[in-house]
Amino acid sequence: MHVSFDPWSPAFVADPYPAYAALRAAGRAHWFEPTGQWLIPHHSDVSALLRDRRLGRTYLHRFTHEEFGRTPPPAAHEPFTTLNGQGLLDLEAPDHPRIRRLVSKAFTPRTVENLAPTVRRLAAGLVDAFVARGGGDLLAEVAEPLPVAVIAEMLGVPEEDRGPLRPWSAAICGMFELNPSEETAKAAVRASEEFSAYLRGLIAERRTAPGDDLISALIAAHDEGERLTEQEMVSTCVLLLNAGHEATVNTTVNGWRTLFHHPEQLAALRAAPASLPTAVEELLRYDTPLQMFERWVLDDIEVDGQVIGRGAEVALLFGSANRDPERFAEPDRLDLRRVDNPHITFGAGIHYCLGAPLARLELEASFGELLRKAPAMRMVAEPEWQPGYVIRGLKELVVEV
């Protein structure tokens, strides 16, 4: 049953959905020896386990590596391990709710609403320049710059310092793929060191000259008695950049590729631009940018009669869950007017994506601008996929307008 599940195969990465269908048909939990994980492909199970407190993103709040039956990460990986381990995504209580409470102040509906004019202005400027050039690589020229600029604005990163942000992020995110190579680890460690050093310098500047940005707000909260260490501030800022743009970038280019392959749906969307928010939700479901989310089993669980013991790791297959016919009518059909759409692209439970409202705002802004200003946009050639499976996206998307 696992023959078709091969996350290192370019053919699988290009279209994992038939393999997901085979997994769902074969059962609800599958042991996958190459990664030592239990694959969970059904929507109901993925949704429930995301909310189950018997699972965690880490186990170190309860166990040592040895107690949990796991080998500690290599000492050479320490800069990455520390940076990632102190980030909001990989923390559990009591640290997670404390940090989330502070950071969530930057993502309230009112805050995101106040950001809307900035996001739309940035999107309009990028699309205007793109159209004036007659097109190009949509990924590099529109999809990437928009969310990176927005997060950089929120953090207070000066414009002249933003060049390395995306390369640092890409190197760090390489470690989230399955069984990353030592070369990938070295690149992540180097990026972790450089990114951390830059942010420590920026934090030091904001301590003496606060601004109207998130770093200044985190420093102020710390000074008011909240327990937020400098490492937690650094890790939080890195996570906001990584998580704050990866999904948006890949949803943008994956979504446009999907629209080009469904010209009748694209034409209908152009004719009814007010339906864009609903269409964005369907694009998030149909070709999910984050295909897998991993959890440690802290106490024994059971999935359809299969006991999965403490110390195991489960791989929650978001891409499969979002195509599950038990939850979605005709899941393999793109329906930009789909209203019953409880996709789990942004997760669920305590680790639900804080930036989901901002991501939706950015997606609606860039798609809206391109739909209006490039009505004849088309692909020059079928794009290639990046080799990564967990964070799944294109190498480029070259179009003419």
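- In this structure, CG in L88 is found 8.0 Å from CG in L240, a value given to the nearest 0.5 Å.
- The shortest side-chain heavy-atom distance between K373 and D128 falls under the 4.5 Å cut-off.
- Within 6.0 Å of CG in N114 there are more than 12 heavy atoms belonging to other residues, nucleotides or ligands.
- Between L146 and V142, the closest side-chain pair of non-hydrogen atoms is not below 4.5 Å.
- No hydrogens or angles considered: nothing links the side chains of Q37 and H30 as a donor-acceptor pair under 3.5 Å.
- Here the two rings, on F293 and H351, have centers that are 6.0 Å apart or farther.
- Side-chain atoms of F63 and R70, non-hydrogen and from C-beta on, never get closer than 4.5 Å to each other.
- Between the side chains of Y198 and D161, at least one donor N or O lies within less than 3.5 Å of an accepting N or O.
- Side chains of H343 and Y286 form no contact here, defined as non-hydrogen atoms less than 4.5 Å apart.
- The closest side-chain heavy-atom distance from D52 to L49 is below 4.5 Å.
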What verdict does the ring pair (Phe, Tyr, Trp, His ring centres under 6.0 Å) test give for F328 and H43, after you've listed the backbone C-alpha separation in whole Å, the side-chain angles of each residue and the deciding distance to 0.1 Å? CA-CA 9 Å; F328 300 97; H43 185 281; 5.5 Å; yes
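- For H65 and Y59, the ring centers are positioned less than 6.0 Å apart.
- No donor-acceptor pair closer than 3.5 Å links the side chain of E232 to the backbone N or O of I99.
- At distances below 3.5 Å, not a single donor-acceptor pair connects side-chain atoms of H77 with backbone N or O atoms of P73.
- In this structure, R295 does not pair ionically with E313, as no charged nitrogen and carboxylate oxygen lie closer than 4.0 Å.
- Atom CZ of R133 sits in a crowded spot, with more than 12 heavy atoms from other residues, nucleotides or ligands closer than 6.0 Å.
- Separation of atoms CZ (R257) and CG (L283) is listed at 12.5 Å; rounding is to 0.5 Å.
- Counting only distance, with no hydrogens or angles, the side chain of E92 and the backbone of H61 share no donor-acceptor pair below 3.5 Å.
- Counting all heavy atoms, side chain and backbone alike, A188 lies closest to A171 at CB-O, 3.5 Å.
- Separation of atoms CG (D324) and CD1 (I344) is listed at 9.5 Å; rounding is to 0.5 Å.
- Surrounding CD of E183 are at most 12 heavy atoms belonging to other residues, nucleotides or ligands under 6.0 Å away.
- In the displayed structure, E113 atom CD is contacted under 6.0 Å by at most 12 heavy atoms of other residues, nucleotides or ligands.
- Under the 6.0 Å cut-off for aromatic ring centres, H42 and Y20 do not qualify, their centroids lying 6.0 Å or more apart.
- Relative to the ring axis of W385, R392 places its NZ or CZ within 45° and under 6.0 Å from the centre.
- Remark: the backbone N or O of I219 is not paired with any side-chain donor or acceptor of R206 at under 3.5 angstrom.
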Derivation of the side chain to side chain donor-acceptor pair (under 3.5 Å) call for R57 and H96: CA-CA 11 Å; R57 282 290 295 173; H96 179 274; over 6 Å; no
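- Counting heavy-atom neighbours within 6.0 Å of R337 CZ, excluding the residue itself, gives a total of 12 or less.
- When the shell of 6.0 Å around CD of E384 is examined, it contains 12 or fewer heavy atoms from other residues, nucleotides or ligands.
- Interatomic distance, CG of N322 versus CG of D287, reported as 10.0 Å (0.5 Å rounding).
- Side chain of S104 to backbone of R101: a donor-acceptor contact under 3.5 angstrom is found.
- Under 4.0 Å is where a charged nitrogen must lie from a carboxylate oxygen, and between R285 and D335 no such pair does.
- Salt-bridge formation is not detected for the pair R338/E281: no Lys NZ or Arg NE/NH1/NH2 atom is positioned less than 4.0 Å from an Asp or Glu carboxylate oxygen.
- A salt bridge does not link E326 with R24: every distance from a Lys NZ or Arg NE/NH1/NH2 to an Asp or Glu carboxylate oxygen is 4.0 Å or more.
- The only option from I151, T111, L363 that meets the side-chain contact (heavy atoms from CB on, under 4.5 Å) definition with L358 turns out to be I151.
- Side-chain contact between W168 and V238 is absent, with no heavy atoms from C-beta onward closer than 4.5 Å.
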Applying side chain to side chain donor-acceptor pair (under 3.5 Å) to S47 and S44, what does each step give before you reach the verdict? CA-CA 5 Å; S47 181; S44 58; over 6 Å; no
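- T288 places no side-chain N or O within donor-acceptor distance of the main-chain N or O of L290, the cut-off being under 3.5 Å.
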Full working for side-chain contact (heavy atoms from CB on, under 4.5 Å) between L55 and I301: CA-CA 9 Å; L55 283 79; I301 62 172; 3.7 Å; yes
List the steps and the verdict of salt bridge (Lys or Arg N to Asp or Glu O under 4.0 Å) for R162 and E153. CA-CA 10 Å; R162 295 175 186 177; E153 288 275 337; 3.3 Å; yes
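- Within 6.0 Å of atom CD in E302, more than 12 heavy atoms from other residues, nucleotides or ligands are found, so the atom counts as buried in its surroundings.
- Between R28 and D45, at least one side-chain N (NZ, or NE/NH1/NH2) sits under 4.0 Å from a carboxylate O, which counts as a salt bridge.
- Side-chain atoms of S216 do not come within 3.5 Å of backbone N or O of D212 as any donor-acceptor pair.
- In this structure, CE in M292 is found 5.0 Å from CG in L317, a value given to the nearest 0.5 Å.
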Apply the test side chain to side chain donor-acceptor pair (under 3.5 Å) to residues T58 and D90: give CA-CA distance (whole Å), side-chain angles for both, the deciding distance (0.1 Å), then the verdict. CA-CA 6 Å; T58 183; D90 276 58; over 6 Å; no
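- Screening R62, R310, R54 against D299 for a salt bridge (Lys or Arg N to Asp or Glu O under 4.0 Å) leaves a single residue, R62.
- Distance CG/L371 to CG/L266: 6.5 Å, rounded to 0.5 Å.
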Please determine whether side-chain contact (heavy atoms from CB on, under 4.5 Å) holds for the pair K186 and F80, giving the CA-CA distance in whole Å, both sets of side-chain angles, and the decisive distance to 0.1 Å. CA-CA 9 Å; K186 288 179 180 178; F80 167 80; over 6 Å; no
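- A salt bridge does not link E369 with R120: none of the charged nitrogens is closer than 4.0 Å to a carboxylate oxygen.
- In this structure, the side chains of F346 and Y352 come closer than 4.5 Å at one or more pairs of heavy atoms.
- A side-chain N or O of S235 and one of Q231 form a donor-acceptor pair less than 3.5 Å apart.
- A donor-acceptor pair is defined here as one N or O able to donate and one able to accept, closer than 3.5 Å; such a pair exists between the side chain of E67 and the backbone of T64.
- A side-chain donor-acceptor contact under 3.5 Å links S275 to the backbone of A272.
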Go through T258 and H261 one step at a time and tell me if the side-chain contact (heavy atoms from CB on, under 4.5 Å) criterion holds. CA-CA 5 Å; T258 295; H261 282 276; 5.9 Å; no
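- Residues E194 and P164 have side chains not in contact (no heavy-atom distance under 4.5 Å, counting atoms from C-beta outward).
- A donor-acceptor contact shorter than 3.5 Å links the side chain of T208 to the backbone of E205.
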Can you list the steps and then say if M379 with W256 is a side-chain contact (heavy atoms from CB on, under 4.5 Å)? CA-CA 9 Å; M379 281 195 302; W256 273 107; over 6 Å; no
